[in-house]
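Take a look at the structure set out below.
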Protein chains: 2
Amino acid sequence: MESRKIYNRIAILRLEMGISRKELAEKVGVNFQTIGYIEREEYNPSLDLAFRFCDVFHQPIEFVFSTSPQKPLSQLIQENK
Amino acid sequence: MESRKIYNRIAILRLEMGISRKELAEKVGVNFQTIGYIEREEYNPSLDLAFRFCDVFHQPIEFVFSTSPQKPLSQLIQENK
DNA sequence: ACACATTGTTGTATATATACAACTTTATGT
DNA sequence: ACATAAAGTTGTATATATACAACAATGTGT
């Protein structure tokens, strides 16, 4: 299968949490460099790892990951008004 | 990372749709044997493939996949009454 | 200017997901 | 009983995700 690229909001969610990649890596249980690859969307996380991110951020998969590019959070908020 | 097993309702959702593994495989774009491996939970689908299943079943990721064993649908219905 | 933390880059190694083929087993219909 | 479809088994090959190391680049605080 030609695997599609999955987009994510991990970098923003991590920044809003005020933690480094190293700290996030410890929380989800992967190498800190793996966080870099995923934030840059150089490859997709496994389904298991995706669930771990959602646990840390307290968000559903569909909010953190999507098959089309993510809108900025600021824009999402305006739309909901 | 020691990848956790992810549970899924693919077999049941497929049966309710009345299609074979071969047909489901065509819809999501993988080999029909891959469907078998995933239904038996011998390995986890990629995040991309997980999204494709959800498209076919019109269900959110969290309903189709979970980190703890899935309850039978019949039981879910009773709980919501 | 210096130290230090954070991120990006390159390279290698391993684990896991997916494809594909051949064969067996189980079910279904006639 | 036979034919056929569907599902499971075993094996090999390839692609992708993850780990890890070493080093470069960038930023931040003092």
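These numbers come from the heavy atoms of this one structure, side chains and all, not from hydrogens, waters or symmetry mates.
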- Summarise how protein sits on nucleotides 12-30 of chain C as a single string, 5' to 3': B when a protein heavy atom is under 4.0 Å from the base, S for sugar-phosphate-only contact, - for no contact. -----SBSBBB--------

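- B/E39 places no side-chain N or O within donor-acceptor distance of the main-chain N or O of B/G36, the cut-off being under 3.5 Å.
- Environment of NZ in A/K5: crowded, with over 12 heavy atoms of neighbouring residues, nucleotides or ligands closer than 6.0 Å.
- Counting only residues at least two apart or in different chains, side-chain hydrogen bond (donor to acceptor under 3.5 Å, both in side chains) contacts with residues 49-62 of chain B comprise B/D48-B/R52.
- In this entry the distance linking CD1 of A/I35 with P of C/dT7 reads 10 Å, nearest Å.
- Closest heavy-atom contact between A/R14 and A/I19: NH1-O, 3.0 Å.
- Scored by the side-chain contact (heavy atoms from CB on, under 4.5 Å) test, A/P72 finds A/S74, A/Q75 as partners (sequence neighbours excluded).
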